[in-house]
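Quick note on labels: first sequence line is chain A, next is B, and so on, each numbered from 1.
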Amino acid sequence: MKQIALIVILAAIAAVVPLFMGENPYFTGILISVLMMAALSSAWNLLGGYAGQYSFGHAAYFGAGAYTTMILITLYNLNPVLCMAAGMVVACIIALITGSIVFRLRGHYFALASIAVAEIVRLSVLNFEFTGGAQGILLSDLSLWGLDLNSKNPFYYGMLLVLVVSLGITAYLRKSKTGFYLQAIREDQDAAASLGINLSFYKNKALLISAALTSVLGSLYGLYIRFIDTSAVLDLRLSIEIILTAIIGGVGTLWGPVIGAVLLVPLAEMLRSNFIGDALVKAGLVSETSGMGLFLKENLAHAHVLVYGIITVLCILYLPKGILGLFRRVK
Amino acid sequence: MLDIQNLHAGYGEMPVLCSVNITIAEREIVSVVGSNGAGKSTLLKAISGIIKSTGIITFNHESLRTLAAHTIVQRGIVHVPEGRKIFPDMTVVENLMMGGYLHQKERQINLDRVFALFPKLAERRNQLGGTMSGGEQQMLAIGRGLMGNPKLLLLDEPSLGLSPLFTEVVFGAIRTINASGVTVLLVEQNVYQSLSISHRGYVIETGAIVLTGTGEELLNNREVKRAFLGM
Amino acid sequence: MIQHLLHISHVSKHFGGNVAVSDVSFSVDEKEIFGLIGPNGAGKTTLFNCMTGFYPATAGDVIFDNKKINALRPDEVCRLGMVRTWQRVKPLGTLTVLENVMIGAFAITNATRDAEAIARENLQAVGLSDYADKLAGSLPIGLKKKLELARVLATHPKMLLLDEICGGLNHTETDTILEIIRRVRKQGATIVFIEHDMKAVTSICDRIVVLNSGEKLAEGTPEEITNNPDVIAAYLGGGYNA
Amino acid sequence: APVKIGFINSITGKEAQIGENLTNGAAMAIEDLKAKGIQVELVREDDGGDPKNALAAYEKLVTRDAVIGVVGPYTSGCANVVASRADQYKVPLLVPAAAKEEITMKGYKNVFRLNAPANVYSSVLMKAVAPYKPKTIAYVYAATDFGVSTVKTAQENALKMGLKEVANEKYQQGQPDYRSSLAKVKAANPDLVFLVSYDADAILLMRQAREIGLTPKAFLGAGAGYTTAQFAQQTEISNLVISATQWTDDVNWPGAADFAVRYKAKYAKEPSYHAACAYEAMRIMAITASATKSAVKLQAALKGGYWNGIMGPVKFADYGGFTNQNNHPMLVQQIANGKYETVYPAQFSKKKLIYPFKR
Amino acid sequence: MLFFQSLLSGILTGGVYALAGIGMSLVFGVMNISNFAHGDLMMLGMYLAYFAFTLLHIDPYLSLVLIMPVAFLFGFMLEKLFINRVIHHPHQNQILLTVGLGLIMSNTALLAFTSDPKILTTSYSSSAYNLPGGIFLSVPLVISFLITCGITALLSLFLLKTSTGMALRATSQNREAAQLMGINVAKMSAIAFGIGTALAATAGALIAPTYYIHPLAGHSFLLKAFTICVLGGLGSVIGAGVGGLIIGVVEAMSSTYISTDWKDVVVFVLFLAVLLLRPQGLFGKKGEQ
Ligand SMILES: Nc1ncnc2c1ncn2[C@@H]1O[C@H](COP(=O)(O)OP(=O)(O)OP(=O)(O)O)[C@@H](O)[C@H]1O
Ligand SMILES: Nc1ncnc2c1ncn2[C@@H]1O[C@H](COP(=O)(O)OP(=O)(O)OP(=O)(O)O)[C@@H](O)[C@H]1O
Ligand SMILES: [Mg+2]
Ligand SMILES: [Mg+2]
């Protein structure tokens, strides 16, 4: 109950943020990315964090939403909401097929089988014609059903809504029979089964919810960027990023994914845009023409993924339980 | 031979043992008895170096406390852990071979000795350890310990899950082993049998030694009878 | 023909060339406490695994409550009212003791609050109340056994399969467990009891089946069994005096 | 203060190897201009090949950094996404090397492109070999946007020329073994083998083609991997391979040869056509921006301007469905003993095409 | 003809895959870690071979003598500095640590060697044995296939017969018990990771003469290596060897008889099918804890 209240309060605060921001598309864009990643990783967390089924193939559901929506819109100009619903159905079908195959496997075998399924989806999309194949799908119409695609606010609220739903489901499930059952499955599948838990039913339940949420985010992403191809929405990198966010925030916790996204997404963007180097130069701490300044400007641009890697490693070494784990310890 | 003074140990922030003092002389069988959760296994783990502890543990006048677990084994202290911990994907023979990891030269002799003691293991020599029955695994674990040429053998509930017939065999084997010059520290729930074969015993309660005496004295102690023997 | 709650009919289980259970038959009546004993590796645990859907039996049938349950999944068997404990305990390590038992209780209720109440009741019954908020993984072996028991009790089963639930307990603690089992029986449950502690077995069981190398060696009352020369030779040993 | 312009490029990620050529070309342009007293402040952004990042980069450049023009991005996907926003922010985008036709076919006022789009790669190659009357063709190409679009237009051209398609092998990049696909091609015995591959894949494919003894009348490489110095240097496999390119160092466009010499001195490697495109795009953008000093005027100046540099005459025109597209004449080159020689069109070349191919 | 050409080149390529898979399988088996940096370690081997060739003029296959110990030490050190510290952590943390290490390695290589691919051209890089019937066998692939077979055999013997090999396996199955046998488990993990790294680097060096060398070049092999060692059964050296051959042949065959662009899909479908029938992989053992 407390958690639900907290979700509502934070969501309300997040909802008014755009009102105060005015026209700042760059900043709004980053916030959208944060919300999207938080929601993605929260949806993943239901399956990965609670049920302990480390899916490395969540990009497949994201891609299913994005592709279904974009194909239906470019071909039939359907209402975006209908498209999203269709995307959800497609994602759920993929999830059911995936579930029936991979849920018989455990541990590493499960993780790698989930990658295999996602790769099959990716390669199929790449090879088929109707999906745009390697060329991807570009959405050129700038207005859809009265929605101004140039405005970012609809996407901001869309992502926020999915995040809130995902957190709400998590908070509710955590204290319910399903939540306990998922955790039991995570701890010991044999013990769980012997206590009357239908393993495949509960794993599939978690997977379906997770996949459906993920697909909606994919649909929103497609409409937001207006261009998708397999490397943007179906890549293994995306799946890994989702997991990374959850782990750095705190896996199997309600707020971990949110915290992970709030930290990682802006960090990645700051590194990408060389914000840190620029800030140092602007603050006059480093002269632009000095060796250090040149290094920051010239090399850091190449090195931002390197720095990201270093930060990942440090986080895993020093915050193994995620950032939430850190607070727990302090408390 | 083994001298423990003022030993403290625990898991994370939770203390389990407080101020434990125990001495064991060469060629003795010493039992530690106590109810569930008293800290018996923890005591053995502290001696074999699996968990960290503070205080003094010396073995033949050398301090063990700072040594790593695998170095302690080299000194001749072999710990047969609770719950057996056999290597599930290795065959019976391979499990035993691992027990003799530090004593490669005597492996064959030791292997024959173990097979003589537990013929069932010889029969199942190529079965995967993980598929053995509970009691079979217990034999394997003890056999594996013997492969390590122990000077001091730490046995954690060796009769757990053994049939009555086989429990007798194992207690007999412990005597034989002891007679061949190996000192034994025995943790058992089977209080009657273990105290019967022990020279001395300690009673541990919530992490502290509360009583000590010869095996016989303890068996006849009122408290012990009430608490452990259900009399 | 009398209706038995459980009927094991010609069950065999092979692992490759290894015969773990071979053509075993027996029946258990309602409200009975039924002992299953035998030397190590006799096939007792394997029989439990075949009864509860963890292994498919190579041959034979398991009939429970007039239903054939051979091909059912473990969770289906549990929901029919037959539930087992694990010889190699399986605590849900990062959940608390209370939560572990709640998982059991969810078999009969959907409400979290009810589950908690049932769980607390059963923790009380086995004497684990003080440990309710500890992580199950950190319990010592003896208490883990008690937790196994509490967890299955919380499912309110018709039939309990207990696999060496007293292993690792001393006599006094064993007595408390036996007391609990008697009470459960009084409330209407039937129990199949695997144990090596003969004192416990003889004091509590109505009837006993002895397995040896996968085959049924003997069946009878505790007296009959403890005086059976075959059983003494194969299992009890000469030093045994009941 | 000097005007600010942005440069979005793939510095990391899968496309980084081509991105680096663009980085170098652009940097040389800025240096050259500086020497001539034309100063601009360049804000560089990496998109890592991800359209989401390219969009963030563009929005950052136009809203936070207040640049008045942007050069980039390199990949077609990124360029498409950014191009679709350019009219919203009204900051001109000059695409230096992305090949996808769509980018300049949507009528965006603020999107300009220097290089010739994908269809020209195939059409120019087909024109170059048409006189020799080949009968059959096989396609071997990477499953990427560029690969698929180029082969599509090649198929259209082939149809017009009456060529029969005898094999079509689309492959995933980065595999170590293409022998089975090539063996299939060999079995079909085509006159022409039309190839689209990235850098090193090209070398791999040609090595394996040689291994299994594939010898058509001509290997036609559409840009990318078949136009690198590294490829040419593998003389065992590269000799007589024909390829389409946006630029060569022996073309008779003003400054081309000189650029090649200076580039080589500075970066210790041959410039690729990507580098030349980036150089020229950055030069045009910087000169025009520093002269106009506002995005609106810059748009007009780009629209109306005319330049003649290392990429030949440049004019952003509207034709054949394109808007603001430089109708860049592509070149056909053939490798002779490790060197590229321009062989088509005749007005830009000194050498003649050698046909058929022989080992 | 086409059939035999595909079969043979599939087998030879499979040999290279196998080596990539074996290194990974070892790390899986002993440390129970999915090593997402494996591809980057292969990349390391490629560069080592490249520099040995261009700077020291050592033939890439000969340079293995140099590369293996260097890579072993590197892996040993990686384990001591990083992996070792997460060995008791949840599985997902270990995976992400290796993801992070992989990012660091590939991006450091990107800074140091730039993103220009390097081509290692030896006298035999594109030469082939011409078998009767118009079948061609790549010379470098034949050499590397033979080397792979040798390494696989030696490694299996090492794991099955030597006491260090057995200690490695014991460590993988129960660290605490292994400690009680007197095995220095910390050292065993480091050795396992060292060998895994050496094998990865060897695989990299072996394909260097027929492939290209690039900071991200190892990534194409990462998923293959995973597929192979899961298919063969985690921790099984022979399994990984066979798995590699299967994948090589299936790829070649499906590219010939189905279509080149669907061949990876065929491989993954086969992979899932095998797992459905044998959840522990082809050569995996299944013992309970
Ligand atoms: N890994 C662990 N982490 C945290 N606490 C632990 C751990 N293992 C044991 N404990 C705690 O330490 C205390 C002593 O445990 P120990 O295993 O030493 O008991 P024991 O005397 O051997 O009991 P038993 O007879 O049941 O084996 C118990 O309260 C237990 O909860
Ligand atoms: N998965 C398996 N694969 C192969 N053999 C097995 C497997 N599981 C059990 N066995 C064998 O079957 C026989 C019966 O084992 P089971 O565990 O049923 O014995 P048990 O009667 O429970 O013995 P204990 O009293 O020692 O627990 C044993 O010999 C054991 O080695
Ligand atoms: Mg204990
Ligand atoms: Mg058993």
Side-chain angles (χ1 to χ4, degrees), chain D residues 10-21 23-24 140-143 148 167-187 198-204 206-214 225 228-231 233-237 267-269 272, chain E residues 1-10 12-14 16-17 106-107 110 114-119 121 123 125-130 134-141 207 209-221 224 248 251-257 259-265:
Chain D
S10 295
I11 301 176
T12 58
K14 275 195 228 141
E15 315 295 341
Q17 60 200 67
I18 296 178
E20 179 166 332
N21 296 320
T23 306
N24 294 344
V140 181
Y141 56 106
V148 175
N168 185 321
E169 298 292 311
K170 183 165 73 177
Y171 67 83
Q172 305 292 331
Q173 277 179 273
Q175 314 252 346
D177 181 22
Y178 300 109
R179 292 175 186 85
S180 308
S181 313
L182 292 170
K184 251 161 106 183
V185 173
K186 183 185 168 195
Y198 291 86
D199 279 55
D201 268 350
I203 297 177
L204 226 60
M206 292 303 292
R207 272 186 181 170
Q208 296 178 7
R210 182 186 136 101
E211 230 177 61
I212 63 157
L214 171 62
T228 64
Q230 211 170 18
F231 179 72
Q233 279 154 17
Q234 304 288 322
T235 46
E236 267 194 320
I237 53 163
Y267 300 109
K269 61 180 180 192
S272 69
Chain E
M1 220 35 37
L2 206 51
F3 175 81
F4 287 108
Q5 176 75 60
S6 297
L7 182 71
L8 289 174
S9 41
L12 292 183
T13 315
V16 177
Y17 290 165
S106 55
N107 283 279
L110 210 56
T114 77
S115 52
D116 275 340
K118 307 259 188 291
I119 302 289
T121 312
S123 53
S125 270
S126 48
S127 56
Y129 297 116
N130 193 346
I135 296 173
F136 296 88
L137 283 191
S138 156
V139 174
L141 277 191
I207 45 172
T210 53
Y211 199 64
Y212 52 83
I213 298 148
H214 179 265
L216 305 180
H219 288 195
S220 332
F221 296 92
K224 287 229 167 83
E251 277 189 357
M253 286 298 164
S254 49
S255 142
T256 308
Y257 295 105
S259 98
T260 302
D261 42 347
W262 287 98
K263 72 173 185 185
D264 285 336
V265 176

Check: Which region of H214(E), side chain (C-beta onward) or backbone (N, CA, C, O), has a non-hydrogen atom less than 4.5 Å from a non-hydrogen atom of chain D, or is it both or neither?
Finding: side chain

Notebook entry, point to check: Quick one: what part of L216(E) sits under 4.5 Å from any heavy atom of chain D, side chain, backbone, both or neither?
Noted result: side chain

Notebook entry, point to check: Based on non-hydrogen pairs under 4.5 Å, which of S220(E), A128(E), S138(E), S6(E) is most in contact with chain D?
Noted result: S138(E)

Checklist line | Any V140(D) side-chain heavy atom under 4.5 Å of K170(D) side chain | finding: no

Check: Stepwise, does the ring-ring contact (aromatic ring centres under 6.0 Å, His included) test hold for Y212(E) with Y198(D)?
Finding: CA-CA 12 Å; Y212(E) 52 83; Y198(D) 291 86; over 10 Å; no

Notebook entry, point to check: Using non-hydrogen atoms only, which part of Y17(E) is less than 4.5 Å away from chain D: side chain, backbone, both, or neither?
Noted result: side chain

Next item on the list: Mind telling me whether Y211(E) and F221(E) have parallel, tilted or perpendicular rings, with 30° and 60° as the class edges?
Entry: perpendicular

Item checked: Interface residue of largest heavy-atom contact number with chain E, from K186(D), Q172(D), Q173(D), Q230(D), under 4.5 Å -> Q230(D)

Notebook entry, point to check: Distance only, no hydrogens: is a donor on one side chain within 3.5 Å (strictly under) of an acceptor on the other, for Y267(D) and N21(D)?
Noted result: no

Margin query: At a 4.5 Å cut-off on heavy atoms, which part of S259(E) comes close to chain D: side chain, backbone, both, or neither?
Written below: backbone

Item checked: Sequence-distant partners of K269(D), salt bridge (charged side-chain N to carboxylate O under 4.0 Å, His left out), two or more places apart -> E20(D), D116(E)

Margin query: Less than 4.5 Å to any heavy atom of chain E: does that hold for the side chain of D201(D), its backbone, both, or neither?
Written below: both

Margin query: Surrounding NZ of K14(D) (heavy atoms of other residues, nucleotides or ligands, distance under 6.0 Å), is the total greater than 12?
Written below: no

Note to self: Which one wins on heavy-atom pair count under 4.5 Å against chain E: G213(D), A187(D), A183(D), P176(D)?
What the structure shows: P176(D)

Next item on the list: Pick one of side chain, backbone, both or neither for T114(E), based on which atoms fall under 4.5 Å of a heavy atom in chain D.
Entry: both

Next item on the list: Check whether T13(E) gets within reach of chain D through its side chain, its backbone, both or neither, counting any heavy atom under 4.5 Å.
Entry: side chain

Margin query: Is E236(D) in contact with chain E via its backbone, its side chain, both, or neither, using a 4.5 Å heavy-atom distance?
Written below: side chain

Check: Does Q17(D) reach the side chain of P117(E), with side-chain heavy atoms less than 4.5 Å apart?
Finding: yes

Notebook entry, point to check: chain E: which of R210(D), K184(D), M206(D), Q233(D) shares the most heavy-atom pairs with it under 4.5 Å?
Noted result: K184(D)

Checklist line | Ion pair E251(E)/R179(D), N-O distance below 4.0 Å | finding: no

Check: What part of L141(E) gets closer than 4.5 Å to chain D, counting heavy atoms only: side chain, backbone, both or neither?
Finding: side chain

Next item on the list: Would you check, one step at a time, whether the test side chain to side chain donor-acceptor pair (under 3.5 Å) holds for Q234(D) with T121(E)?
Entry: CA-CA 8 Å; Q234(D) 304 288 322; T121(E) 312; 2.8 Å; yes

Item checked: I203(D) portion near chain E, given a 4.5 angstrom heavy-atom threshold -> side chain

